Amino acid sequence: MTSLAELAERVDAAARDAKAIAQLTTDIPDLSVDDAYAVQAMSIRRRIDRGERRIGVKMGLTSRAKMIQVGVDEVVWGRLTDAMLVEEGGMIDIARYVHPRVEPEVAFLMKAPLAGTVTAVEAMAAVEAVAPAIEIIDSRYENFKFALADVVADNSSSSGLVIGSWNAPSVDFGNLGVVLYVNGRPAQIGSTAAILGNPVRSLVAAARMVAQWGERLNPGDIVMAGGVTAAHALKPGEVVRADVERLGSVTLTVKR
Ligand code: OOG
Ligand code: MG
């Protein structure tokens, strides 16, 4: 029998070497979602042991567009580390990834701890600032194909994040226009309302889901609310910009 620790090693190595692996559920069709979260925790523990630092969490599959694109319709979460941070306006090298995609998101910066069952008002009281963001997702599975347990074990495809400028949380961000530009042309268009009706619901879900695993959102943590639109597969030389009405924009360039 394959142990969960071995599976953690498998997904960790795939991310580190940017080498696609077969879905875990091919070997273990009955891998449970709980076991998959245990694999994720162990794989992130390996990164922490190599010197990376936890900087927050990401929520995934919080919009219909995302659920439809990957064929999984449950909200998932993953952990963010400092090694995933890409400077605003920065450049990435596609060779460091398996098959990276980008998606426009909204990010929260926490100023107070948050965990468990909370209301939207309680969640917002713990928020320091809100920013436009791009998430770089990179499933470690062949052909970007996975079942729910696979993607959870693979840290919910999290691979990188770019954060724009932080805004006061008093901005009404519930239904703002979002455009993802690729080389200056609109590639994806949506609204922040696509995130569970309002991105604050993603924060409420984050507080609940991390608590199920004995964790909490900490002051200083970043919480990525999830993709507004379907993700765009990156190609060398592309310049990607996400504009979120009133919140601002965030840019990323791919090396040629
Ligand atoms: C799963 C991760 C989804 C989001 O924002 O919805 C996600 C995937 O699409 O690979 O990050
Ligand atoms: Mg995402």
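As the structure lists them, so they are numbered: ligands from 1, and atoms in each ligand from 1. Just so it is clear, the structure is predicted and the values come from calculations on it, not from any experiment.
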Open item on the list: Once you restrict to heavy atoms under 4.0 Å, what part of Arg101 touches ligand 1? Side chain, backbone, both or neither.
Closed with: neither
- [ ] Within a distance under 4.0 Å of any heavy atom of Gly226, pick out the atoms of ligand 1 and give their elements.
- [x] 5 (O)
Task: Subset of ligand 1 atoms that lie under 4.0 Å from at least one heavy atom of Phe146 - done: 8 (C), 10 (O)
Task: Residue and atom name of the nearest protein heavy atom (relative to atom 4 (C) of ligand 1), distance in Å to one decimal - done: Glu103 OE2, 3.2 Å
Task: Identity of the N, O or S atom of Glu105 lying closest to the Mg ion (ligand 2) - done: OE2
- [ ] Compare all side-chain heavy atoms of Ser159 with those of Arg140 and state whether any distance is below 4.5 angstrom.
- [x] yes
Open item on the list: Whether Arg246 engages the ring of Phe173 as a cation-pi pair (distance to the six-membered ring centre under 6.0 angstrom, angle to the ring normal within 45°) should be assessed.
Closed with: no
Task: Residues Asp12 and Arg50 bridged, charged N to O under 4.0 Å - done: yes
Open item on the list: Just to check, does Lys58 reach to within less than 4.0 Å of ligand 1 when the distance is taken from its heavy atoms?
Closed with: yes
Task: Exceeds 12 heavy-atom contacts within 6.0 angstrom, atom CZ of Arg64 - done: no
TODO: Number the atoms of ligand 1 from 1 as they appear, then name those within less than 4.0 Å of a heavy atom of Ile137, with their elements.
DONE: 8 (C), 9 (O), 10 (O), 11 (O)
Open item on the list: So if I count the atoms of ligand 1 from 1 in the order they appear, which ones are less than 4.0 Å from some heavy atom of Val151?
Closed with: 1 (C)
- [ ] Write out the residue and atom name of the closest protein heavy atom to atom 1 (C) of ligand 1, then the distance separating them to 0.1 Å.
- [x] Ser157 OG, 3.6 Å
Task: Non-hydrogen side-chain atoms of Trp213 and Asp34 separated by less than 4.5 Å - done: yes
TODO: Tell me, please: is Glu105 in heavy-atom contact with ligand 1, that is, under 4.0 Å?
DONE: yes
Open item on the list: Pair Asp221, Arg54 - check salt bridge (charged side-chain N to carboxylate O under 4.0 Å, His left out), show working.
Closed with: CA-CA 8 Å; Asp221 271 5; Arg54 178 195 172 286; 2.9 Å; yes
- [ ] Run the contact test for Ser156 against ligand 1 with a 4.0 Å cut-off on heavy atoms, strictly below, and give the result.
- [x] yes
TODO: Find all atoms of ligand 1 within a distance of less than 4.0 Å from any non-hydrogen atom belonging to Gly227, and give their numbers and elements.
DONE: 4 (C), 5 (O), 6 (O)
Open item on the list: We want to know whether Thr26 and Gln23 form a side-chain donor-acceptor pair, criterion being a heavy-atom distance below 3.5 angstrom.
Closed with: no
Task: Heteroatom of Glu135 nearest to the Mg ion (ligand 2) (N, O or S, atom name) - done: OE1
Task: Glu103, N/O/S atom nearest the Mg ion (ligand 2) - done: OE2
- [ ] Quick one: look up the protein heavy atom nearest atom 9 (O) of ligand 1 and list residue, atom name and how far away it is.
- [x] Lys66 NZ, 2.8 Å
Task: For Val70, the ligand 1 atoms whose distance to one of its heavy atoms is below 4.0 Å - done: 9 (O)
Open item on the list: Consider salt bridge (Lys or Arg N to Asp or Glu O under 4.0 Å). Of Glu74, Glu135, Glu103, Glu105, which one does Lys66 pass it with?
Closed with: Glu103
Open item on the list: Strictly below 4.0 Å, N to O, side chains only: are Arg10 and Asp27 in salt-bridge contact?
Closed with: yes
Task: Exceeds 12 heavy-atom contacts within 6.0 angstrom, atom NZ of Lys145 - done: no
- [ ] Please write down residue, atom name and distance for the protein heavy atom closest to atom 6 (O) of ligand 1.
- [x] Leu61 N, 2.7 Å
Task: Lys/Arg-Asp/Glu bridge criterion (N-O < 4.0 Å) met for Arg79, Glu215 - done: yes
